[in-house]
Amino acid sequence: MTLPARAAALAPAVLFASLLTGTGGAQAAEAGALPSVSMEATVKAAQIDPRRPDSTLTPGAKDSVLLVEQALRDRSLLDAKWVDGYFGTTTVAAYAKYQKSLGLTGLDANGLPGKASLTKLGAGRFKVTAVIEPGGRVSTDGFVVNARTNGMLTEAERLLGRELVLDQGSYNPGGDPTSAGTHDGGGVVDVSVAGMSAATRTAVVRALRVVGFAAWVRSPRQGDWPWHIHAVAISDPSLSSQAQHQVGDYYLGLNGLADRGEDDGPAVTIRTWEEYRRR
């Protein structure tokens, strides 16, 4: 079967100039002395921590989150008592205020650290590593998604050996009231299950989870919707707040619905798209 087609780093030329001016070494040393903030780690914590029933820290995120919280504190956006390495609701709200202070609105002020805002926050304080790039918007099956989501769908199709057809894409505010805002931002799709057996539906969910989606089969008994597969691209910086909550619940073994019931999908090792590609 032929699957459908879904779809540079610049190298600064400063070394020669620095040899001539004699300043390059000092500047490089100064930049090298800055601590690192992992965008991957902070975004992951900002999805999971607000959904936790306790103050358990997201593994591997504490150091990065502390640096972000200290920067927010120094901008008088976060009280010192919340500088604890826990990216909970208070820190998410503070980061959203910071994004708005930059003139950002809508999805760009959703409380998830984005590349541009995080880099600006860290100027002179920290360098940003492990950057997540959602990419530009593209059309697939007549629906809009971003390049990162598109790449994830393509890889899931490769694993399955079959084409996936969408019922709904991303960036679709108000498009389907039963979606409760989850599709307002990026990273979220609904996959058609027309003609699929129960076993095939489960196999599709498993493949989507393997490549970095929080995904579930949705049935009419769960809500006012037809059978479909709902999938949220973990750690997409453009997720709506509702989709952020679904990802956090997925990490906590829940079903992503309002009742916060137990996850009813196949068990897989939870990975982001970036982690999947590095495995």
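Note that this is a predicted model, so its numbers are computed, not measured.
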Indicate, with yes or no, if M39 and Y86 share a hydrophobic cluster defined by side-chain heavy-atom contacts under 4.5 Å among Ile, Leu, Val, Met, Phe, Trp and Tyr. no

R277 bridged to E274 by N-O distance under 4.0 Å: no

Please determine whether side-chain contact (heavy atoms from CB on, under 4.5 Å) holds for the pair W227 and R201, giving the CA-CA distance in whole Å, both sets of side-chain angles, and the decisive distance to 0.1 Å. CA-CA 10 Å; W227 282 94; R201 293 195 295 261; 3.9 Å; yes

Walk me through it: do T58 and F87 pass the test side-chain contact (heavy atoms from CB on, under 4.5 Å)? CA-CA 9 Å; T58 294; F87 213 122; over 6 Å; no

Ignoring hydrogens and geometry, is there a side-chain-to-backbone donor-acceptor pair from E69 to G85 under 3.5 Å? yes

Where F126 and A71 come nearest, the two heavy atoms and their spacing: CE2-CB, 4.3 Å

With distance as the sole test, does Y95 use its side chain to make a donor-acceptor pair with the main-chain N or O of P113 at under 3.5 Å? no

Would you sort out whether R278 and R271 count as a side-chain contact (heavy atoms from CB on, under 4.5 Å), showing the intermediate values? CA-CA 10 Å; R278 290 196 297 266; R271 293 188 180 98; over 6 Å; no

Enter the distance from K44:NZ to I234:CD1 here, rounded to the nearest 0.5 Å. 8.5 Å

Contact check, side chains of V193 and V217, non-hydrogen atoms, under 4.5 Å: no

Hey, could you give me the CG/CG distance between D49 and L252, rounded to the nearest 0.5 Å? 9.0 Å

Which atoms form the tightest heavy-atom contact between Y276 and R158, and what is the distance? OH-NH2, 4.1 Å

Say you draw a straight line from CG of L153 to OG1 of T149; how long is it, rounded to the nearest 0.5 Å? 7.0 Å

Specify the closest pair of heavy atoms between L104 and S117, including all atoms of both residues, with the distance to one decimal. CD1-CB, 4.4 Å

Evaluate S179 against T182 for side chain to side chain donor-acceptor pair (under 3.5 Å), listing each step before the verdict. CA-CA 6 Å; S179 296; T182 57; 4.6 Å; no

Quick check on the hydrophobic clustering: are V92 and L66 connected, directly or via other members, by side-chain heavy-atom contacts under 4.5 Å? yes

Does atom CZ (R125) have a neighbourhood of more than 12 heavy atoms from anything else shown, all under 6.0 Å? yes

How many angstroms lie between CD in Q242 and CG in N110, if you round to the nearest 0.5 Å? 11.0 Å

Taking atom CG as the centre, does D259 end up with more than 12 heavy-atom neighbours from other residues, nucleotides or ligands that are less than 6.0 angstrom away? yes

How far apart are the closest heavy atoms of G186 and D236, and which atoms are they? C-OD2, 4.0 Å

Is there a path of hydrophobic side-chain contacts, each under 4.5 Å between heavy atoms of I, L, V, M, F, W or Y residues, that connects L57 with L72? no

Whether the side chain of Y250 engages the backbone of W216 through a donor-acceptor N/O pair (distance < 3.5 Å, no angle test) should be reported. no

A side-chain contact here means heavy atoms from C-beta on lying under 4.5 Å apart; do H245 and R51 qualify? yes

Backbone N/O of A61 and side chain of S64: donor-acceptor pair under 3.5 Å: no

Any side-chain to backbone donor/acceptor pair from S240 onto G181? Under 3.5 Å, distance only. yes

H230 side chain to Q246 side chain, donor-acceptor N/O pair below 3.5 angstrom: yes

Find the distance between CZ (R218) and CG (D190) and round it off to the nearest 0.5 Å. 9.0 Å

Minimum heavy-atom distance L34-G124, with the two atoms named: CD2-O, 3.6 Å

Is atom CH2 of W225 surrounded by more than 12 heavy atoms (other residues, nucleotides or ligands) closer than 6.0 Å? yes

D249 and R260, any side-chain heavy atoms less than 4.5 Å apart: yes

Without swapping roles, check the side chain of D141 against the backbone of L166 for a donor-acceptor pair under 3.5 Å. yes

With sequence neighbours left out, what residues match D79 under salt bridge (Lys or Arg N to Asp or Glu O under 4.0 Å)? none

Tell me the closest heavy-atom pair linking G151 and W273, and the distance in Å. O-CH2, 3.7 Å

Membership question, hydrophobic clusters at under 4.5 Å side-chain separation (ILVMFWY): are V144 and L239 in the same one? no

List the steps and the verdict of side-chain contact (heavy atoms from CB on, under 4.5 Å) for L254 and D263. CA-CA 4 Å; L254 304 176; D263 182 22; 5.8 Å; no

So does A215 get a backbone contact from the side chain of R209, meaning a donor-acceptor N/O pair under 3.5 Å? yes

Taking the side chain from N255 and the backbone from G261, do they hold a donor-acceptor pair closer than 3.5 Å? yes

side-chain contact (heavy atoms from CB on, under 4.5 Å) partners for T129, two or more places apart: S36, S38

What distance do T91 atom OG1 and D84 atom CG have between them, rounded to the nearest 0.5 Å? 6.5 Å

Can you confirm whether L121 sits close enough to R75 that some side-chain heavy atom of one is under 4.5 Å from a side-chain heavy atom of the other? yes

Checking Q99 side chain against L107 main chain: does a donor-acceptor pair fall under 3.5 Å? no

Backbone N/O of V188 and side chain of S170: donor-acceptor pair under 3.5 Å: yes

Test of understanding: clusters of I, L, V, M, F, W, Y form through side-chain heavy atoms closer than 4.5 Å, transitively. Do Y171 and I132 belong to the same one? no

